[in-house]
Amino acid sequence: KQEESVLESEVTRVKPPPLYKVMLLNDDFTPMDFVVTVIQKFFAMDREQATRVMLKVHREGVGVCGVFPRDIAATKVEQVIAYARRHQHPLACVMEES
Ligand code: TYC
């Protein structure tokens with residue numbers, strides 16, 4: 001019946017998918033140069049940008065390397081941790097909804 005019909009576009013609210021920050025955490029053991037290499041390798045930054053992020057993490061304890069959809073963020077976290085462990089460094093990488 002016409003009086004009961006409502007356009008779907010008037011009632012359907014689809015939220016955009018959440019984005020996640022991928023962050024590195026500071027520690028006392030992972031070499032600075034290794035962290036810079038990780039940021040360059042997995043977050044497509046040049047050496048200068050990567051050094052800035054590394055120093056922020058070193059001084060402040062945490063720093064954002066990028067913001068991604070959930071699956072991509074989760075893959076980055078896994079890859080960074082696997083690479084760090086393979087090189088026997090304790091580097092921590094986490095994701096958080098932004
Ligand atoms: N604090 C480390 C050092 O002095 C360097 C470091 C930076 C480690 C960033 C982890 O996510 C990190 N060698």
Side-chain angles (χ1 to χ4, degrees):
K1 290 177 293 181
Q2 178 58 40
E3 67 275 13
E4 288 177 9
S5 78
V6 178
L7 285 173
E8 186 186 8
S9 62
E10 293 173 326
V11 296
T12 305
R13 293 280 180 275
V14 285
K15 284 194 245 164
L19 294 173
Y20 292 79
K21 296 182 286 191
V22 174
M23 298 173 298
L24 291 177
L25 307 183
N26 191 35
D27 67 71
D28 292 338
F29 306 102
T30 306
M32 288 186 176
D33 192 61
F34 182 83
V35 178
V36 171
T37 300
V38 164
I39 296 169
Q40 286 186 263
K41 186 176 171 65
F42 295 102
F43 301 97
M45 287 186 219
D46 63 27
R47 197 155 183 89
E48 192 176 309
Q49 291 177 287
T51 299
R52 262 190 232 112
V53 173
M54 181 280 293
L55 285 174
K56 183 184 173 70
V57 178
H58 176 70
R59 292 173 183 141
E60 300 178 20
V62 59
V64 178
C65 294
V67 178
F68 307 95
R70 186 178 55 214
D71 289 8
I72 294 172
T75 300
K76 299 272 182 205
V77 169
E78 281 181 6
Q79 288 176 333
V80 167
I81 292 171
Y83 186 78
R85 293 305 170 274
R86 200 179 330 134
H87 290 84
Q88 299 178 310
H89 296 307
L91 182 62
C93 184
V94 299
M95 61 192 273
E96 175 184 286
E97 194 173 337
S98 73

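Everything numeric here is computed off the predicted structure, so don't read it as measured data. Residue numbers start at 1 and run along the sequence shown. Order of listing sets the numbers, starting from 1, for every ligand and every atom in it.
- Both M45 and V38 are part of a single hydrophobic cluster, where members link through side-chain heavy atoms under 4.5 Å apart.
- For the atom pair CG of L24 and CZ of F43, the computed distance is 6.0 Å after rounding to the nearest 0.5 Å.
- For ligand 1, the atoms sitting less than 4.0 Å from at least one non-hydrogen atom of V57 are 9 (C), 11 (O), 12 (C), numbered in the order shown with element in parentheses.
- When only interatomic distances are considered, the shortest N/O to N/O separation between T30 and ligand 1 falls below 3.5 Å.
- Looking at L91 against ligand 1, only its side chain comes within 4.0 Å, counting heavy atoms.
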Between F34 and F29, does a ring pair (Phe, Tyr, Trp, His ring centres under 6.0 Å) hold up when you go through it step by step?
CA-CA 11 Å; F34 182 83; F29 306 102; over 10 Å; no
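- What sits closest to atom 2 (C) of ligand 1 on the protein, heavy atoms only, is D27 O, 3.2 Å.
- Linking ILVMFWY side-chain heavy atoms closer than 4.5 Å, directly or via other members, places V53 and L19 in two distinct hydrophobic clusters.
- Between H87 and Y83, the two ring planes are tilted [angle within 30° to 60°].
- Nearest protein heavy-atom neighbour of atom 6 (C) of ligand 1: N26 OD1, 3.4 Å.
- The closest protein non-hydrogen atom to atom 4 (O) of ligand 1 is H58 CE1, 3.1 Å.
- Interatomic distance, M54 CE to Q49 CD, rounded to the nearest 0.5 Å: 14.0 Å.
- Between L25 and ligand 1, at least one N/O pair is under 3.5 Å apart.
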